[in-house]
Every structure is written in structure tokens, then in C-alpha cells.
Amino acid sequence: MDEYRFQRVQVLVLAVTEVESLRSAVEIIQNGSAHEDVERIRIILSMHATPACREMSERLTLQYAQPEIVVEIYEQGTQTLVGAIQNCIRAATCSHSLIMCADQETNPNYVPDFIRTAKKEPNALVTGSRMLPGGGFEGYGAVNHLFTAVFQWIAWPLTGKRLTDFTFGYLMIPNAIAADFVMRELGISGSLEYRLQFFARKLQVMEIPVIWRARQEGVSGNSFRKKFRFFRPLLRYFFGGYRNVDTNR
């Protein structure tokens with residue numbers, strides 16, 4: 001397997017209904033301790049984005065047109081969410097992509113932690129874990145806790161991996177490795193599929209502790225019913241659906 005070096009990161013911020021939380025997330029990254037390691041912020045704007053969310057996105061691109069970290073809009077259009085992410089990964093001119101959401105359930109204050117870990121292990125997929133010591137949940141709800149716990153207990157024997165958090169969608173991805181992935185999931189279950197793709201290639205998946213806090217703005221499009229989509233890639237992995245991959249990277 002080739003060795004990759006960390007050479008800055010693009011932050012992919014998924015936005016649909018968020019306004020003030022989107023502005024705050026961008027400002028936190030711009031002013032954070034790791035801002036020199038961030039090449040650009042790409043706001044992946046859903047085709048269902050509200051006018052207010054779109055207006056804020058456009059304001060941010062104008063506000064940050066010239067500084068070290070340029071802010072850009074990537075129109076998702078009719079693509080799937082995972083398809084849009086993969087296109088951004090393939091178009092990247094830096095070494096890594098960090099996937100997060102504008103709702104700040106993926107807290108932007110952790111960006112320096114992801115970068116520090118990626119610098120130490122640039123070949124690894126770095127994922128946020130709400131289960132590690134130092135991580136946690138605030139306002140998650142009893143039903144969501146139950147689903148997450150049950151899914152963990154099912155995923156451990158089916159994958160043979162003892163990750164503490166299989167489903168959290170806060171990920172730092174090495175672009176050169178993930179660019180060739182054939183992704184089959186469409187939305188939120190893509191976060192699990194990235195983990196499984198790394199497992200299939202016998203590549204490292206590292207976790208860092210992250211605290212999840214319920215959004216304070218906008219409406220989540222991730223209904224409880226959609227959580228059951230995580231079982232599709234899990235079963236696909238168990239039955240060998242990711243075995244025919246190039247492991248000599």
C-alpha cells in the first residue's frame with residue numbers, strides 16, 4: 001500500500017435548512033487553531049435547501065472570497081448525497097476531506113482534533129465516536145440511544161470489528177484512497193459504508209471522542225425510519241459484497 005502524506009483538508013459542510021448554525025460553523029473553522037491546514041470549505045447545498053440557507057451560503061462565499069480558507073458552494077442538484085461527496089473527493093486538490101453537517105451536531109470545534117489524527121495516520125479513515133471516553137450525547141433521545149446500542153451489538157459480530165461508533169457521520173477521509181470507491185448507499189448510511197470500504201481493504205479506521213449535541217436550528221431530514229438503512233451496507237459486507245476490491249493501494 002502506498003503511503004500518503006497529509007497535505008491540507010477540504011471541509012465538506014452539508015446544508016439544507018441551516019442559517020445561523022451554518023454561519024457559525026464556517027466562522028469557527030475560519031478562526032480555529034488549525035485554519036492553516038484547511039484549504040477550503042465547500043458547502044454542499046441540497047436541492048431542497050431553503051432560500052434562507054442558500055442566501056447565507058452565498059453571503060459566506062462573498063465574505064470569504066479572498067482569505068486563506070476560501071468558501072465555495074457545491075450544488076448537489078439531482079445527485080445523491082454520497083454521489084456529491086464522492087465528486088468533491090475526486091475533484092480535491094488537497095489530501096483529505098472532512099465530512100460534517102451545518103447543524104453543528106458534528107461540532108466544528110473538533111476539526112483540529114481530526115487534523116492532528118490525520119497527520120499522524122494519513123492513510124486512516126478518522127471517525128468521530130460518541131461512545132469513547134470524552135465523547136457523548138446531549139439531547140439524543142431514548143429511542144435513538146436504543147437503536148444505536150442495538151446496532152452496535154449487531155455490527156460487532158457481523159464485521160468482526162470493535163468500533164465504538166459505527167454510524168456517526170463525522171469523518172476525515174484520505175482522498176486518494178476513497179476516490180475510487182464504488183459507493184452504493186445514497187444518504188446517511190454512506191457514513192457506515194465508508195467504514196466498511198476501509199475494512200474490506202484492510203485499512204485502518206481510527207476513532208476520536210466527539211460530543212453530539214442536538215441541533216438548535218432547522219429540521220433534520222434524517223427520520224428514525226431512515227436509520228434502518230444502515231442495515232443494508234452492514235449485511236452487504238457480511239455476505240462479501242465488498243470483497244472484490246483492490247487491496248494493493
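Since the model is a prediction, treat every value here as computed from it, not as a measurement.
At a threshold of 4.5 Å between non-hydrogen side-chain atoms, the residues Gln79 and Ile44 do not count as touching.
Checked against a 6.0 Å centroid threshold, the rings of Phe114 and Tyr170 count as neighbours. For Phe181 and Phe198, the distance between ring centers is under 6.0 angstrom.
Between the side chain of Arg130 and the main chain of Ile211, no donor-acceptor pair closer than 3.5 Å is present. Using modelled atom types, no side-chain atom of Thr61 and backbone atom of Glu72 make a donor-acceptor pair closer than 3.5 Å. In this structure a side-chain-to-backbone donor-acceptor pair under 3.5 Å is missing from Glu207 to Leu132. Using a distance-only test at 3.5 Å, with no hydrogens or angles considered, no donor-acceptor pair links the side chain of Ser24 to the main chain of Glu20.
Between Phe230 and Phe147, the ring planes lie tilted relative to each other; the angle falls in the 30° to 60° range. Ring planes of Phe199 and Tyr237: perpendicular class, angle over 60° (limits at 30 and 60°). Using cut-offs of 30° and 60° on the angle between ring planes, the pair Trp212 and Phe137 is tilted.
The shortest non-hydrogen separation linking Phe168 to Ser191 is O-CB, 4.1 Å.
For the atom pair Arg195 CZ and Leu171 CG, the distance stands at 5.0 Å (nearest 0.5 Å). Expressed to the nearest 0.5 Å, how far CZ of Arg59 lies from CZ of Arg23 amounts to 8.5 Å.
Ala92 is linked by a side-chain contact (heavy atoms from CB on, under 4.5 Å) to Gln10, Cys94, Asn175, counting only residues two or more places apart in sequence or in another chain.
Around atom CZ of Arg90, more than 12 heavy atoms belonging to other residues, nucleotides or ligands sit under 6.0 Å away.
Tested against Ile41 for a side-chain contact (heavy atoms from CB on, under 4.5 Å), the candidates Val71, Leu12, Leu60 yield a single pass: Val71. Each of Arg229, Arg236, Lys226 was evaluated against Glu185; a single residue qualifies, Arg236, per the salt bridge (Lys or Arg N to Asp or Glu O under 4.0 Å) test.
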